[in-house]
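Notes to accompany the following structure.
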Amino acid sequence: MGDLDLRKLRYFVAVAEHLHFGRAAERLYIAQPVLSRQIRALEQELEVPLFERDRRGTVLTAAGKQLLTDARRLLLDAQAVQRRAVRAARGTDSLTVGFMPGLIVTAPVRALAARHPGLDIELVRTTWDDQITVLHDGRVDIGFVRPPIDTTGLRVRELYTEPKVVVVSIGHRLAGKQSVEIADLAGDVLLQNLDIVPEWRAVTGESERPPVPVYRSVEEKLEHVAAGRGIAFLPLSVATFYTRPDVTYIPVSDIADGQVSLAWVADRHGPLIDEFAALAAE
């Protein structure tokens with residue numbers, strides 16, 4: 001068994017995520033026969049089948065499922081290695097801090113800059129989808145995150161909690177209420193991932209999401225809420241930051257507060273990361 005080829009791993013991940021060679025080839029901008037040959041070559045190198053193909057479609061084998069888990073992390077690590085090498089070539093110390101919408105990180109950033117006048121501090125706005133990915137692939141050294149997150153390979157320090165509110169259109173039947181319970185909203189369409197508000201499943205009985213689009217960015221969610229297509233739960237700081245006249249937010253009395261934490265890759269910590277984490281926790 002030889003060394004793993006990162007290019008073949010990228011090809012494999014594309015096929016595994018689409019479970020369709022044609023769509024994966026389009027995503028990779030290569031011809032489908034070329035992709036098929038690369039996957040066969042990878043299977044021969046590993047000496048295991050990664051996919052089962054028949055007239056019903058393409059599925060991952062047990063080996064393929066395991067490789068997908070490992071390959072994603074390995075590709076992120078490879079990107080991180082490249083980014084750290086580029087930063088080192090600049091010849092200056094740097095720290096990149098990620099932050100989620102609604103969070104203000106000025107105080108610890110200023111405090112660290114005051115202690116290290118020559119330090120290059122960069123800020124990267126993250127989203128629900130990439131707040132952990134940017135840590136693993138090296139775009140961010142330390143990040144302010146909003147759980148739930150996959151903590152594998154990370155160190156996480158809880159900072160504080162804040163209330164969640166429900167955002168509804170200005171014409172919604174509950175608009176103007178001082179407070180609601182989650183059961184009051186059971187007839188509405190939730191425009192986000194169910195994991196963000198686990199209480200929703202208990203009230204609505206949804207074990208699996210019906211075919212409703214899930215909107216990723218805050219701006220997308222608010223546009224669809226304003227159009228009356230559903231509701232969204234947001235941390236209070238996010239709802240107040242994105243104030244607009246066609247939506248309103250209402251406190252929800254019986255859902256858990258949201259957690260704000262710091263996270264960084266466990267095996268990439270250093271003095272600057274430790275110092276920034278301490279400042280953020282003060």
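On a predicted model such as this, the values are computed, not experimentally measured, just so you know. When a residue number appears, it is its place in the shown sequence, counting from 1.
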Q. Could you go step by step and tell me if R173 and D188 meet the salt bridge (Lys or Arg N to Asp or Glu O under 4.0 Å) rule?
A. CA-CA 11 Å; R173 68 187 186 283; D188 288 281; 2.9 Å; yes
Q) Going through the checks in order, is the side-chain contact (heavy atoms from CB on, under 4.5 Å) test met by E199 and L194? A) CA-CA 9 Å; E199 296 91 348; L194 295 172; over 6 Å; no
**Q.** side-chain contact (heavy atoms from CB on, under 4.5 Å) evaluation trace for W200 with I255
**A.** CA-CA 9 Å; W200 185 261; I255 63 174; over 6 Å; no
Q: Test side-chain contact (heavy atoms from CB on, under 4.5 Å) on I231 and L185 and set out the steps.
A: CA-CA 9 Å; I231 63 172; L185 302 159; 4.0 Å; yes
**Q.** Test log, rule side-chain contact (heavy atoms from CB on, under 4.5 Å), inputs V247 and Y242
**A.** CA-CA 10 Å; V247 301; Y242 286 91; over 6 Å; no
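Here the shortest heavy-atom pairing between L123 and V105 reads CD2-CG2, 4.2 Å. Across every non-hydrogen atom of A226 and S169, the tightest pair is O-CB, 4.0 Å. The nearest pair of heavy atoms linking L262 to A280 is CD1-CB, 3.5 Å. Contact between I170 and A175 at its shortest, heavy atoms only, is O-CB, 3.5 Å. Taking both residues in full, the closest heavy atoms of R146 and S237 are given as NH2-OG, 3.2 Å, listed atom of the first, atom of the second, then distance. Pairing each heavy atom of A63 with each of P49, the nearest pair is CB-O, 3.8 Å.
In this structure, the side chains of H172 and K177 stay at 4.5 Å or more apart for every pair of heavy atoms. Side-chain contact between V265 and H136: present, with at least one pair of heavy atoms (C-beta onward) separated by less than 4.5 Å. Counting heavy atoms from C-beta on, the side chains of V252 and D254 come closer than 4.5 Å. In this structure, the side chains of E162 and V260 come closer than 4.5 Å at one or more pairs of heavy atoms. Side chains of Q66 and V48 form no contact here, defined as non-hydrogen atoms less than 4.5 Å apart. Here the side chains of W128 and N193 are not in contact, with every heavy-atom distance at 4.5 Å or above. At a threshold of 4.5 Å between non-hydrogen side-chain atoms, the residues P163 and D257 count as touching. With contacts defined as side-chain heavy-atom distances shorter than 4.5 Å, the pair R139/T133 qualifies.
Atom-to-atom distance recorded for R7:CZ and L28:CG is 11.0 Å, nearest 0.5 angstrom. I149 CD1 to Q131 CD: the interatomic distance, rounded to the nearest 0.5 Å, is 6.0 Å. Between L190 atom CG and I196 atom CD1 the span is 8.0 Å, to the nearest 0.5 Å. Rounding to the nearest 0.5 angstrom, the gap separating the CD1 atom in I132 from the OG1 atom in T151 is 8.5 Å. Taking CZ from F276 and CD1 from I142, the interatomic distance works out to 6.0 Å, rounded to the nearest 0.5 Å. To the nearest 0.5 Å, atom CG of residue L46 and atom CG of residue L67 are 6.0 Å apart.
Between E17 and R72 there is a salt bridge, since a side-chain N of the basic residue sits under 4.0 Å from a carboxylate O of the acidic one. With respect to the salt-bridge test (charged N to carboxylate O, under 4.0 angstrom), the residues E43 and K8 do not qualify.
Of the possible polar contacts, one joining the R157 side chain to the A277 backbone as a donor-acceptor pair under 3.5 Å is found. Put simply, the side chain of S217 gets close to the backbone of E220: a donor and an acceptor are under 3.5 Å apart. Side chain of H116 to main chain of L119: no donor-acceptor pair is present (N/O by atom type, distance under 3.5 Å, no hydrogens or angles). Distance alone, capped at 3.5 Å, is enough to place a donor-acceptor pair between the D184 side chain and the E181 backbone. Looking only at distances, a side-chain donor or acceptor of T126 sits under 3.5 Å from a matching main-chain atom of F99. Side-chain N or O atoms of D141 include none that pairs as donor or acceptor with a backbone N or O of W264 at under 3.5 Å. Checked by atom type and distance alone, the side chain of R115 never pairs as donor or acceptor with a backbone atom of E275 at under 3.5 Å. No side-chain donor-acceptor contact under 3.5 Å links Q38 to the backbone of Y11.
A donor and an acceptor atom, one from each side chain of T61 and E52, are nowhere located under 3.5 Å apart. When only modelled atom types and interatomic distance are considered, D129 and T127 share no side-chain donor-acceptor pair under 3.5 Å. The closest side-chain donor-acceptor pair between H18 and E26, if any, does not fall under 3.5 angstrom.
Annotation: E219, atom CD; neighbour count of heavy atoms from other residues, nucleotides and ligands within 6.0 Å is above 12. Counting non-hydrogen atoms of other residues, nucleotides and ligands closer than 6.0 Å to CZ of R110 gives a total of 12 or fewer.
Between F12 and F51, the ring planes are tilted. Angles from 30° to 60° get that label.
The hydrophobic clustering, which links ILVMFWY residues whose side-chain heavy atoms are closer than 4.5 Å, places Y160 and I104 apart. Criterion: ILVMFWY side-chain heavy atoms under 4.5 Å apart, direct or through other members. Under it, L68 and V59 are not part of a common hydrophobic cluster.
Tested against Y249, the residues V166, V238, L236 include a single side chain to side chain contact (heavy atoms under 4.5 Å, CB included) partner, L236.
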